[in-house]
Every structure is written in C-alpha cells, then in structure tokens.
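Inspection log for the structure reproduced underneath, given as structure tokens.
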Amino acid sequence: MPGRQVEIRTFKQSAAGYAKSEIPDLQHDDSDLTGRGEAITARSAAAPSGSIAPTPRDVYEGETLKGPGEFQVMAIERTLSIIKPDITRRNLTGEVNARLEKAGLRVVAQKRLRLSRHQAEMFYAVHKARPFYSDLCTFMSSGPVVVQVLEAEKAVVLNREVMGATDPANAAPGTIRREFAESIEANSVHGSDSEENAAIEIAFFFSEIEIVG
Ligand code: CMP
C-alpha cells in the first residue's frame, strides 16, 4: 500500500499454542504456512465453538522467534463495514466497494440483508441514550444494507480514513462520506471504531465459516 508501513513479524507455529494434531486444516508441511489466511484459520479452528474470532494480533503479539519451522505473517486486522440504505437505494454499492478495495481493504465476507427495527436497535444499542438513536434505527431498517468484513493491515483505522468523518460536512474530500453521504444520519457507511468492537460487530453478523480471507 503506497505510503503505509507494512509490519512483518516472524512467528513459529507453536506461537498460537496449538499442536498440529489439534488443527485438522493444517496437516501439511510448515512450508505451506506462509499466508495470513492459514494463520487466521489455524487459530480460529482451534478456538472454542461460539467464541469471537480473535484478531491476528491476539494470536501473535510479541512473537519474534527465528529458526526452522517458522513462517512470516503480516499483522492483518478485520473490521466490520455496513453499506447503509442510502447507498443501496441509489444502487451505489459497487462504487463504495471499489473505493474500499482501491484503498487496500479486502472484502472477505459480505451479505445483503434488511435489518428489522429490533436488529438495528440491538446493533446500535451503545447509542441508546443519544437523541438520534430512534431515528438512526428507523433509517437503518428502512432498506437493504450490505454488511461486510474487511481485512487489511490496520483495517480499523484504514477503513475509517476511507469513510471520512461521521458528518459528511466535515469529511475530507475523496472520502466515501464526502462523496456519497446525504446527511449525518444517512451517511452511507458504518465502520468499527476499534479492534475490540470490530470483533463484537463481526460476530453480530457473521460466523467464522462465512469469512474467507
Ligand atoms: P455510524 O458510524 O453508523 O455510527 C453511529 C451513527 O449514528 C453514525 O454513523 C451516524 O449515522 C449516526 N449519528 C451520529 N451522530 C449523529 C447525529 N448528531 N445526528 C444524527 N445521527 C447521528
């Protein structure tokens, strides 16, 4: 990615604390274990069922091992993105996805659905006390949305840069909200605001088997 520093860390397979025999997906040579996809799958496959998939950082933080059997992996994060009803209504989903992909975000899960009022209230429960909560939930259940898992190095921050400020009037030129948003409520996209919330929000919409990196 131009202008961005790519973090490469060196890991040993044992760093995640799982023996090969515990991970059915990985009954092959270490030489195959060169990609982030395999690394994420390894940890997820061994996680207790129903648990929220950890980020790669959870798995590998602090490992600086060297020697035979090791492999390198980039510190890839995941974030949740929602393409909101103002975008689907105007048939601009592809335009938004093109901007996400151009910025280096990879869509590793995606589905179009219509949130019920109750589902919107559950998703935005953190804003329950805010004056805009009711209208926001009405808007988010007013038409189809596209929910996505995006993957990249520092995906949470990167996605928020690409989205722009919550209020499109304050969003930088070239950002999705500046280009497409209709108002602070109909602001085209949602993106997780932290790695911790990303894990919670991803689990709200997706099971691990639906996420293919
Ligand atoms: P989003 O990133 O989905 O997170 C919460 C949403 O609440 C936000 O985008 C906006 O759409 C909406 N929101 C935040 N502040 C206001 C506001 N002052 N008035 C109306 N809607 C708001």
Side-chain angles (χ1 to χ4, degrees), residues 1 4 52-53 55 57 76-207 210-211:
M1 214 170 305
R4 291 177 52 77
I52 294 167
T55 64
R57 188 159 298 171
I76 297 296
E77 280 177 16
R78 288 174 177 173
T79 190
L80 183 87
S81 163
I82 305 179
I83 297 178
K84 296 189 178 185
D86 61 294
I87 290 290
T88 59
R89 174 168 44 78
R90 289 176 287 161
N91 205 24
L92 294 171
T93 300
E95 295 280 341
V96 171
N97 274 346
R99 280 164 173 75
L100 297 173
E101 290 181 340
K102 199 170 170 192
L105 290 152
R106 182 173 289 269
V107 181
V108 296
Q110 177 168 267
K111 53 192 173 192
R112 181 178 166 109
L113 47 88
R114 175 109 183 224
L115 291 173
S116 68
R117 167 90 196 186
H118 177 68
Q119 288 167 332
E121 287 172 356
M122 297 295 287
F123 182 79
Y124 280 113
V126 67
H127 296 304
K128 199 167 186 166
R130 311 290 288 275
F132 57 81
Y133 176 68
S134 179
D135 286 348
L136 174 65
C137 294
T138 301
F139 168 67
M140 289 301 288
S141 55
S142 68
V145 297
V146 178
V147 294
Q148 311 172 300
V149 180
L150 306 178
E151 212 175 74
E153 203 222 351
K154 297 187 169 70
V156 171
V157 170
L158 176 58
N159 186 39
R160 291 179 73 80
E161 285 172 11
V162 176
M163 290 193 304
T166 303
D167 184 347
N170 300 326
T175 60
I176 291 170
R177 283 168 168 163
R178 176 66 173 264
E179 291 216 13
F180 298 117
E182 295 178 324
S183 66
I184 192 169
E185 178 183 276
N187 65 352
S188 300
V189 281
H190 165 83
S192 308
D193 63 2
S194 66
E195 283 183 74
E196 189 186 12
N197 284 338
I200 293 167
E201 292 181 359
I202 288 169
F204 186 91
F205 289 109
F206 294 96
S207 61
E210 296 176 297
I211 304 170

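Start at 1 and go down the list; that is how both ligands and their atoms are numbered.
Residues with a heavy atom under 4.0 Å from ligand 1: K84, Y124, H127, F132, L136, T166, R177, I184, E185, N187, H190.
Side-chain contact, R160 with T175: no donor N or O sits under 3.5 Å from an acceptor N or O.
Applying the side-chain hydrogen bond (donor to acceptor under 3.5 Å, both in side chains) criterion to R99, with sequence neighbours excluded, gives E95, E179. When the side-chain hydrogen bond (donor to acceptor under 3.5 Å, both in side chains) test is applied to T166, no partner is found at least two apart in sequence or on another chain.
Residue D86 comes nearest to A181 through the heavy atom pair OD2-CA, 4.3 Å, listed as atom of the first residue, atom of the second, then distance.
The ring-ring contact (aromatic ring centres under 6.0 Å, His included) contacts involving residues 160-205 comprise F123-H190, F123-F204, F123-F205, Y124-H190, where partners must be two or more places apart or lie in separate chains.
Other residues, nucleotides and ligands contribute over 12 non-hydrogen atoms within 6.0 Å of the CD atom of E210.
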